[in-house]
Amino acid sequence: MRIAITGGTGFIGGHLADRLLAEGHQVVLVGRHQRTGAEAQPDGVEFQIANLSDPEALARAFAGCDAVAHCAGINRELGEQTYVKVHVEGTANVVNAARIAGARKVLLMSFLRARPNCGSAYHESKWAAEEIVRNSGLDYTIVRAGMVYGRGDHMLDHLSHALYTFPFFAMVGFKEKGIRPLAIEDLVTVLAAAIVDQRLSRQTNAVTGAEELFLSEAVRRVARVTGRRIRLIRAPIWFHYALARVWELTMRIPLVAKAQIKILSEGVTEPALESDTLPADLMPRRKFTDEQIQSGLPEPGPFTIHDLRCCA
């Protein structure tokens with residue numbers, strides 16, 4: 001098969017591309033910028049420059065593709081890159097381009113807690129994107145994933161660097177909520193089944209990890225694997241929103257974004273709205289073990305000035 005992936009150089013899209021390549025498929029990575037020579041793609045990969053705001057460029061990028069995996073997204077708004085622009089208008093353009101290119105299926109990466117009228121622009125934009133795909137007339141699968149971790153992620157990357165940088169870790173709110181960390185390998189298995197095997201047709205599936213725990217326990221496990229000592233404290237949600245605002249203004253990739261505070265304050269264990277049930281053979285089985293954590297950790301070390309927007 002020939003499969004286009006928006007956000008194909010990102011965390012989820014990159015892992016999906018690796019899986020599809022390993023299975024012998026052709027992959028078209030769709031991105032906004034030209035890749036450099038140091039980022040030359042392996043055999044079987046084609047890179048196409050196309051902005052989500054340009055439906056004609058997207059249609060050219062999708063030409064000859066059997067399916068489109070729409071994995072592009074943002075977790076903070078920056079300049080013209082707003083949730084509406086990227087998640088809503090971008091998804092509409094992807095769907096229209098897929099239709100023009102003759103792609104048989106569209107897969108959308110959504111979020112576990114996506115829903116309308118909840119006061120979070122992130123959650124609401126993900127829901128709006130789902131509605132566009134559901135009403136597209138194309139075959140589709142929508143995957144509502146929870147907190148995903150693995151090599152190149154945001155969770156283990158920033159958490160481990162934070163453990164090397166700060167002597168304490170502030171928990172979100174005074175009443176802790178649960179999380180179900182989802183291994184990228186388990187998520188990619190679901191995505192590949194939907195795209196390659198044409199399963200989960202016209203379904204909206206929630207995908208969460210095999211183990212439920214509190215964020216504090218997850219932090220302790222990562223600290224144990226990295227050999228760091230950490231003191232956990234609790235802070236009100238408003239305090240975290242204020243910190244998130246600072247991180248968003250100063251860091252290239254925020255330590256925590258405002259959308260993530262909303263996510264952590266309500267928990268990441270089950271979908272906000274009714275979702276289709278995964279078949280038993282696609283249910284995630286990997287727990288948040290020391291081995292899983294170790295395999296997903298980046299190079300050890302604290303945050304540096306290069307993590308700041310002004311020094312990037």
Side-chain angles (χ1 to χ4, degrees), residues 1-76 78-82 85-110 129 133 136 138 140-141 143 145 148 150-154 157 184-185 187-196 252-253 296 298 306 312:
M1 292 182 67
R2 181 177 170 87
I3 301 160
I5 307 175
T6 69
T9 58
F11 170 50
I12 293 176
H15 279 272
L16 175 59
D18 290 343
R19 171 67 174 265
L20 295 174
L21 283 171
E23 294 179 355
H25 301 285
Q26 291 181 299
V27 175
V28 178
L29 303 181
V30 183
R32 292 186 295 156
H33 306 293
Q34 178 65 55
R35 306 185 83 183
T36 65
E39 299 173 301
Q41 53 266 18
D43 291 341
V45 174
E46 178 182 330
F47 188 80
Q48 290 284 343
I49 299 176
N51 196 302
L52 293 181
S53 63
D54 188 343
E56 293 182 359
L58 288 171
R60 290 193 296 270
F62 298 164
C65 291
D66 302 291
V68 175
H70 185 27
C71 300
I74 57 175
N75 66 3
R76 66 161 169 174
L78 188 61
E80 294 183 353
Q81 294 291 98
T82 66
K85 188 79 171 177
V86 176
H87 295 162
V88 184
E89 296 176 9
T91 297
N93 290 333
V94 165
V95 166
N96 289 333
R99 186 184 295 111
I100 293 170
R104 296 196 300 269
K105 184 161 188 174
V106 172
L107 180 143
L108 173 68
M109 274 304 310
S110 186
V133 171
S136 67
L138 298 172
Y140 69 85
T141 298
V143 175
V148 187
R151 181 58 61 93
D153 71 350
H154 178 277
D157 183 283
I184 185 63
E185 299 92 338
L187 174 59
V188 166
T189 294
V190 175
L191 303 183
I195 298 172
V196 176
R252 290 189 302 112
I253 303 175
H306 299 293

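Listed for the Thr82 side chain is no donor-acceptor partner under 3.5 Å among the backbone atoms of Leu78. Not one N or O on the side chain of Asn51 forms a donor-acceptor pair closer than 3.5 Å with the backbone of Asp54. Arg252 places a side-chain N or O within 3.5 Å of a backbone atom of His306 that can act as its donor or acceptor partner. Proximity of a side-chain donor or acceptor of Arg99 to a complementary backbone N or O of Ser136 within less than 3.5 Å is detected.
Looking at heavy atoms from C-beta onward, Leu20 lies in side-chain contact with Val196 at the 4.5 angstrom threshold. Counting heavy atoms from C-beta on, the side chains of Asp66 and Lys105 never come closer than 4.5 Å. Counting heavy atoms from C-beta outward, Ile12 and Ile184 have side chains that approach closer than 4.5 Å. Side-chain contact check for Val143 versus Leu187: some heavy-atom pair is nearer than 4.5 Å. Two residues are said to be in side-chain contact when any heavy atoms from C-beta on lie closer than 4.5 Å; Val94 and Thr6 meet this criterion. Between Glu56 and Ile100, the closest side-chain pair of non-hydrogen atoms is not below 4.5 Å. Side-chain contact check for Asn93 versus Leu52: every heavy-atom pair is 4.5 Å or farther apart. You'll find the side chain of His87 reaches within 4.5 Å of the side chain of Ile74, heavy atoms only.
Ser53 and Lys85 are not linked by any side-chain donor-acceptor pair at a separation below 3.5 angstrom, with hydrogens and angles left out of the test.
Between Ala50 and Ala61, the closest heavy-atom pair is CB-CB, 4.4 Å. Pairing each heavy atom of Ala101 with each of Ala59, the nearest pair is CB-O, 3.9 Å. In terms of heavy atoms, Pro55 sits closest to Ala97 at O-CB, 3.8 Å.
If you run side chain to side chain contact (heavy atoms under 4.5 Å, CB included) between Gln48 and each of Leu58, Val28, Leu29, only Val28 comes through. Exactly one residue among Val133, Leu108, Val95 makes a side chain to side chain contact (heavy atoms under 4.5 Å, CB included) with His70. That residue is Leu108.
Atoms CG and CD, from Leu21 and Glu23 in turn, are 10.0 Å apart once rounded to the nearest 0.5 Å. Taking CD1 of Ile195 as the start and NE2 of His25 as the end, the distance is 9.5 Å to the nearest 0.5 Å.
Residue-environment remark: CD (Glu80) stays at or below the threshold of 12 foreign heavy atoms within 6.0 Å. Counting heavy-atom neighbours within 6.0 Å of Gln81 CD, excluding the residue itself, gives a total above 12.
In this structure, Arg2 pairs ionically with Glu46, as a charged nitrogen and a carboxylate oxygen lie closer than 4.0 Å.
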